[in-house]
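Below is one structure; the comments refer to it alone.
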Amino acid sequence: MNKKVRVRFAPSPTGGLHLGGVRTVLFNYLFAKQQGGDFIVRIEDTDQTRFVEGAEAYIFNTLKWCGLHPDESPLHGGPFAPYRQSERKAAYRQYAEQLVNDGYAYYAFDTPEELEQMRINHKTAENPSPQYNHLLRAHMRNSLTLSNEEVKDLLAAGTPYVIRIKMPLDETVSFTDMIRGEVVFHTNQVDDKVLLKADGMPTYHLAVVVDDYTMQISHAFRGEEWLPSAPVHILLWKYLGWEKDMPLWAHLPLILKPDGNGKLSKRDGDRLGFPVFAMDWTDPKTGEKTIGFKERGFLPQAFINLLALLGWNDGTDNEIFTLEELVNKFSMDRVHKGGAKFDFEKAKWYNHEWIKRLSAKDLSSYVLPVLAEQNIVVNDEALLLRVIDLVKERCTLLPDFAQQAGFFFKEPVHFDTASLQPKWDEKKNLFFVELAMALELSKSWNAADLETTFKELAAVHQLKPGELMLPFRIMLVGGKFGPGVFDIADIIGRDATVARIKHVLSLL
RNA sequence: GGCCGGUUCGUCUAUCGGCUAGGACAGCCCCCUUUCACGGGGCAAAGACGGGUUCGAUUCCCGUACCGGCUACCA
């Protein structure tokens, strides 16, 4: 029997969503949609000390921008509500206690100070991070070392305690990862993770198992950093008696720093000058703002595309995929095992490709705001589309449209006369004076005729068109950029063309 | 330190035992273009190391090295 595919993305609302997070969402989404399954978003907010205002809303805004719509979530509702772990708090304790009763877990009364002391006492060169494990638990204050009476008294007195899993001795825990195959752990090496915290909240370890079970999750995909705690989760599935319902696991490779090594972090983006978060994120406490891919000028299509290809490919040379194509072609067994260093240059290339591919019409809603930044209001849509088609191949990021398209709608504020000055002379000046006159009188107005007029006049003045084109360009657009000059003149029209020539002439 | 994972051009990657090791980004050169792009062509660039298994290993196995992750009452 095949149970329905149900996957979940389970972020904790502690800040902006970064590349790796979005990719995890994406792989979940692609898998779910391909299998005709459900994509669930569950908020893992069991650590109340790390709660960050606005982070949850940010996550949903990001998903919306990416076009990855959840089937169930705290925002969208669903049959397994609530989807916030903080709102499911009451459910976890009974399972933790059931585990204690069944001998799979125990109460631990050690205070944070005692734990710290233990770590200091047992820390050696060979063992820099002592764990609360099968050896050390014998020396700590817990229901394994204390008598039943003592435990009862402590509990009755309201002494703070946590519930820890009791890792079995000399056992082997293994599972088959969809990406990595068989992974084996030895229980002696795993510590007694806290399941239920002193504040009554579950830790991730308990919550993820309980919720994945209750929400009937069929496949659980998460970052590779979770691999070491997998044995705890596997054992919990077993101890809770749910083994046959355990989801299939896949641990996704990490996204690494472009230089050096290590996991990509927000800091790396700041340091190297590229976004790491999907969208702008402002920390409500510090007011610190971190730029996102969206605001940096990426198209969601490109963002999704580049993320998908970071660790996955379809086996062909194709690198450009729509979301729909990804849904069709994605497969977990083609996901890489190794981590990938993030390359911002390649990321930009994806965006450039998507700008070139999208129609002017599709691009216009992204270009309009860029132009509005420069106080340009476009009310001629046909003109806008024509301009976009003319310049889009020159735009890598959306803000590039400001320079490439702005001068079609507004006279440049700055003219690069410095590039003209050195080679400027009276002959050229005269040419442009006459060009302005000729253009004012010309009967037709199109790129081809403009070019003819221009070249004929150059011949009359015994000047090479080549040395006049750049000046002309600078007069029309302000600098050494933009599409063909005659196309520009054609579009901006007679009045603007003549006015800009005269204006720059007056500057020289 | 221990445990787990990983290792093909600078980077992302193809290869499911036959390879003259392919593609893409970045780099360099040429053509197109009297801006910049786009487009076209080309150059340079890789299997961490050592053992096996095999007619044959980048591909399978083992070891070593290196890189990464984890090692919290954080996720």
Side-chain angles (χ1 to χ4, degrees), chain A residues 10-14 44-47 49-50 108 110-112 115-116 119 123-133 160-164 177 179-180 183-186 188-191 193-205 207-208 222-231 251 253-254 256 258-263 306 309-320 333 336-350 352 356 391-396 400 403-404 416 419 464-470 472-474 477 479-485:
Chain A
S12 94
T14 53
E44 310 235 327
D45 55 350
T46 53
D47 186 353
T49 64
R50 293 214 308 164
D110 319 279
T111 64
L115 287 174
E116 196 187 339
R119 293 201 172 92
K123 186 171 173 172
T124 59
E126 296 77 45
N127 184 12
S129 13
Q131 297 191 309
Y132 202 117
N133 59 15
Y161 66 90
V162 301
I163 292 180
R164 286 179 183 271
D177 187 283
I179 297 172
R180 289 150 213 285
V183 184
V184 186
F185 298 87
H186 301 283
N188 292 8
Q189 308 291 345
V190 185
D191 61 335
K193 290 267 182 261
V194 170
L195 265 20
L196 195 76
K197 302 188 262 191
D199 65 1
M201 275 288 199
T203 58
Y204 171 82
H205 307 296
V208 75
R222 70 225 304 197
E224 191 188 334
E225 69 269 30
W226 289 108
L227 208 39
S229 54
H251 291 86
L254 266 16
L256 278 10
D259 61 341
N261 299 301
K263 251 202 302 196
L306 74 91
L309 273 281
L310 214 49
W312 173 87
N313 70 82
D314 74 341
T316 72
D317 286 341
N318 191 194
E319 298 188 85
I320 304 297
D333 47 65
H336 252 251
K337 295 181 175 77
K341 289 183 185 170
F342 179 66
D343 181 0
F344 190 54
E345 291 306 316
K346 185 80 184 226
K348 285 194 291 192
W349 174 80
Y350 277 106
H352 192 20
K356 283 188 291 180
V391 308
K392 66 179 187 182
E393 66 195 24
R394 274 159 249 260
C395 299
T396 300
D400 294 342
Q403 186 190 59
Q404 295 294 336
D416 182 14
S419 295
K464 275 180 270 180
E467 42 186 342
L468 298 167
M469 302 268 275
L470 186 63
F472 191 30
R473 166 177 300 284
I474 291 179
V477 316
K480 301 177 195 172
F481 52 82
V485 254

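What's counted below: heavy atoms across the whole structure, side chains too, no hydrogens, waters or symmetry copies. Residue numbering restarts at 1 for every chain, and letters A, B, ... go by the order of the sequence lines.
Computed from coordinates, the Y204(A) OH to rC70(B) C1' distance equals 13 Å when rounded to whole Å. Remark: P of rC12(B) and CZ of F344(A) are 17 Å apart, rounded to the nearest angstrom. rU13(B) atom C1' lies 8 Å from atom CD of E319(A), rounded to whole Å.
Both R119(A) and G315(A) sit near RNA chain B, but only G315(A) has its closest nucleotide nearer the 5' end.
With both pairing distances under 3.5 Å, rA65(B) is matched to rU7(B) as a Watson-Crick or G-U wobble pair. Pairing of rA57(B), defined by two Watson-Crick or G-U wobble distances under 3.5 Å, is not identified with any nucleotide. The partner of rA46(B) cannot be assigned: no Watson-Crick or G-U wobble pair with both contacts below 3.5 Å exists in any strand. Look at rC70(B): its Watson-Crick or wobble partner, with both distances under 3.5 angstrom, is rG2(B).
Residues satisfying the side-chain contact (heavy atoms from CB on, under 4.5 Å) test with V190(A), not counting sequence neighbours, are M167(A), P231(A), V232(A). K263(A) pairs by the side-chain contact (heavy atoms from CB on, under 4.5 Å) definition with E225(A), L254(A), not counting sequence neighbours. Partners of W226(A) by ring-ring contact (aromatic ring centres under 6.0 Å, His included), not counting sequence neighbours, listed by chain and number: Y204(A). The ring-ring contact (aromatic ring centres under 6.0 Å, His included) search around F342(A) returns F274(A), not counting sequence neighbours. In terms of the ring-ring contact (aromatic ring centres under 6.0 Å, His included) criterion, F185(A) has no residue partners (sequence neighbours excluded). Every residue meeting the ring-ring contact (aromatic ring centres under 6.0 Å, His included) condition with H205(A), not counting sequence neighbours, appears here in chain and number order: H233(A). Evaluation of the side-chain contact (heavy atoms from CB on, under 4.5 Å) rule for Q189(A) yields H186(A) as partners, not counting sequence neighbours. Looking at residues two or more places apart in sequence or on another chain, you find a side-chain contact (heavy atoms from CB on, under 4.5 Å) between D259(A) and K257(A), R271(A), L272(A). Listed by chain and residue number, K346(A) satisfy the side chain to side chain donor-acceptor pair (under 3.5 Å) test with E319(A) (two or more places apart in sequence, or in another chain).
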Along nucleotides 33-43 of chain B, 5' to 3', which nucleotides get a B, which get an S, and which get a -, given that the test is a protein heavy-atom distance under 4.0 Å? -BBBBSS----
Under 4.0 Å protein heavy-atom contacts per nucleotide of nucleotides 3-10 of chain B, with B for base, S for backbone only and - for none: SSSS----
Applying side-chain hydrogen bond (donor to acceptor under 3.5 Å, both in side chains), run through N127(A) and T124(A) and close with a yes or a no. CA-CA 5 Å; N127(A) 184 12; T124(A) 59; 5.2 Å; no
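For rA24(B), its base sits under 3.5 Å from the side chain of K346(A) at one donor and acceptor pair at least.
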Could you pull out the protein-nucleic contacts involving nucleotides 62-66 of chain B (nitrogen or oxygen on both sides, under 3.5 Å)?
none

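For the C1' atom pair drawn from rG23(B) and rU15(B), the interatomic distance equals 12 Å after rounding to whole Å.
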